Structures are given as structure tokens and as C-alpha cells.
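Only a predicted model underlies this, so the values are computations on that prediction, with no experimental measurement involved.
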Amino acid sequence: MAFRRSTGPDPTPVASFSWHNAPITSVEWHPSEDSIFAASGADDQTTIWDLAVEQDTDEAGMDDTPEGGKDIPPQLLFQHLGQKDVKELHWHPQIPGVIISTALDGFNIYKTFNV
């Protein structure tokens, strides 16, 4: 997933994340937080990202990845697993932090505590 600034003939990435391991099926920006968006993918996961978060270099031990583990980007706020073939997601327009996602096996409604 890469976000590009479109100034000039050669756009440059503002941010790039390697997390979803299949095509992205839906992306939607948070209705009131400019730096937060949600993404769903054909890898059966829905994620919430905050582009304003930066790695704190003073955090002790945060750079250590457990054996067999995956580096988790600091911008990744939430990961929802369990739906099959996620196609679409939307933020609820009136309830902050609530996302509705649709998939082959139904739809989920969930609210995260950190958004």
C-alpha cells in the first residue's frame, strides 16, 4: 500500500506499508480524523492505520521482532481477522470508531477503543 503525493510529473510516495498480502478491496478515510483510514483486503483482514503515528526511537526493545514474528508498523492501530473474502468497509457516519465490513460470509460491525 503506498500513498503518493501528486506534485509534478513524478509522484513520490509519502508513505508505504507492506502489510496486506493480497489485493486491497476497499479503503476509506475516517470521517473526522484526517490521518486515519481503514483498509480491507482479499487476505481476509481489515486494518486501521494512522499516518500521524511515528516510531519512537527511545522505546526500549520495540525494535526486537520475536523469532518467526512479523514487524508491525507503528501506524497499524487495529487488525480484524475472521471474515472470508472481505469486499467493502465503511466508517459509521454518526458513531465514531465504528466500522461496518461486508464479506462472503456476512457482515461485521465493530468499534475499536483506539479510534
Review point. Is there a chain of hydrophobic side chains (I, L, V, M, F, W, Y, each step under 4.5 Å between heavy atoms) that links W91 to L77?
Key: yes

Check your understanding: Side chain of D44, backbone of K84: donor and acceptor closer than 3.5 Å?
Key -> no

Practice item. Among E88, Q83, H90, find the residue that satisfies the side chain to side chain contact (heavy atoms under 4.5 Å, CB included) test when tested with T102. Key: E88

Review point. Does the side chain of V86 reach to within under 4.5 Å of the side chain of Q45, using non-hydrogen atoms?
Key: no

Point to revise | Heavy-atom donor-acceptor pair, H20 side chain to A22 backbone, under 3.5 Å | key: no

Exercise for review: Grab the two heavy atoms, one from V27 and one from A39, that are nearest each other, plus how far apart they are.
Suggested key: CG2-CB, 4.2 Å

Exercise for review: Would you confirm whether S40, through its side chain, and T25, through its main-chain N or O, come within 3.5 Å as a donor-acceptor pair?
Suggested key: no

Practice item. Indicate yes or no for a side-chain donor-acceptor contact from K111 to the backbone of P96 under 3.5 Å, with no hydrogens or angles considered. Key: yes

Exercise for review: Take N108 and S101, measure what side chain to side chain donor-acceptor pair (under 3.5 Å) needs, and give me the verdict at the end.
Suggested key: CA-CA 5 Å; N108 284 181; S101 59; 4.9 Å; no

Review point. Is there a donor-acceptor pair closer than 3.5 Å between any side-chain N or O of Q75 and the backbone N or O of V53?
Key: yes

Practice item. Flag yes if F78 and I100 sit in one hydrophobic cluster, no otherwise; membership is Ile, Leu, Val, Met, Phe, Trp, Tyr, and two members link when side-chain heavy atoms are under 4.5 Å apart. Key: no

Review point. When the ring planes of W49 and F37 are compared, do they come out parallel, tilted or perpendicular, using 30° and 60° as the limits?
Key: parallel

**Study point:** Short side-chain to backbone donor-acceptor contact, W29 and I36, under 3.5 Å
**Key:** no

Point to revise | Approximate separation, where rounding is to 0.5 Å, of Q79 CD and T46 OG1 | key: 9.5 Å

Check your understanding: Does I95 belong to the same Ile/Leu/Val/Met/Phe/Trp/Tyr cluster as I99, with side-chain heavy atoms less than 4.5 Å apart forming each link?
Key -> no

**Study point:** L76/T47 under side chain to side chain contact (heavy atoms under 4.5 Å, CB included): CA gap, chis, key distance, verdict
**Key:** CA-CA 7 Å; L76 179 62; T47 54; 3.7 Å; yes

Check your understanding: Would the number of heavy atoms belonging to other residues, nucleotides or ligands and lying under 6.0 Å from CZ of F107 be above 12?
Key -> no

Check your understanding: Can you tell me if D85 uses its side chain to pair, donor with acceptor, with the backbone of L104 under 3.5 Å?
Key -> no

Exercise for review: Any chance you could measure H30, atom NE2, to D50, atom CG, to the nearest 0.5 Å?
Suggested key: 10.0 Å

